[in-house]
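Written out below as structure tokens is the structure these notes cover.
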Amino acid sequence: MIAHWQGNFFAEGVAYRLHKGLDRQGTGTKIFNKRLGIISLGSPTSYDALPTRYRYDRIKHFTRADDGIVMLRAFGGPAKRPWPAKDDLAPLWPWRPANLQAALRLWDGKTGFPAFAAMNLAPPASVRPRIKRCTYH
């Protein structure tokens, strides 16, 4: 199964139901144990509803360091969390580390919500001249 962003919640739910045998046919546990693998892209959940061994053996996850979903790591409490930052892939744009961290903060306590300005996914102005333009024929 391949899941992207909030689709990961549905993938986690389906996997959980199969694991617990909550499907109508009664074959869910067998499918979970023998067949199901998950590719998780930009996920707001690290699939903590599933067994730990399954999470590390049967789920492959990919999140860029500049993906907006990483902002959710700032929330505390019992909420779902993205995969750990140590697993992040390189950013799509050549951000300076300090600029990337500043852009992905939800609330900076002073000027407002810098993350919302970053949501347009444009690269920083400093790198725009170095980006090659693509044309499609």
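These figures come from a predicted structure and were not determined experimentally. For the single chain, residues carry numbers from 1 onward in sequence order.
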Does the side chain of [X] reach to within under 4.5 Å of the side chain of [Y], using non-hydrogen atoms?
X: Trp83; Y: Asp88; result: no
X: Ser46; Y: Arg55; result: yes
X: Ile69; Y: Thr63; result: yes

Please enumerate all residues that pass side-chain contact (heavy atoms from CB on, under 4.5 Å) together with [X], with sequence neighbours excluded.
X: Ile2; value: Ile39, Leu41
X: Pro84; value: Lys86, Asp87
X: Arg35; value: Ile31
X: Ala90; value: none

Without swapping roles, check the side chain of Asn33 against the backbone of Thr29 for a donor-acceptor pair under 3.5 Å.
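Confirmed, Asn33 side chain pairs with Thr29 backbone.
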Kindly say whether Leu36 contributes a backbone atom to a donor-acceptor pair with the side chain of Arg58 at under 3.5 angstrom?
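Yes, the answer is positive, given that a donor and an acceptor are paired below the 3.5 Å cut-off.
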Quick one about Trp5 and Asp67 (side-chain donor to acceptor, distance below 3.5 Å, no hydrogens or angles considered), yes or no?
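Their side chains do contain a donor-acceptor pair, which is all the 3.5 Å distance test asks for.
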Checking one residue: Phe10. Which other hydrophobic residues are in its cluster under the side-chain 4.5 Å linking rule?
none
dist Met1:CE -> Ile38:CD1 (nearest 0.5 Å) comes out at 4.5 Å
Could you report the tightest heavy-atom contact between Ala65 and Val70, atom names first, then the distance?
O-CG2, 3.9 Å
Sorted by first residue and then second, give each side-chain hydrogen bond (donor to acceptor under 3.5 Å, both in side chains) pair with at least one member in residues 8-28; sequence neighbours left out.
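Output for this query lists Asn8-Ser40, Asn8-Tyr47, Glu12-Thr45, Glu12-Lys80.
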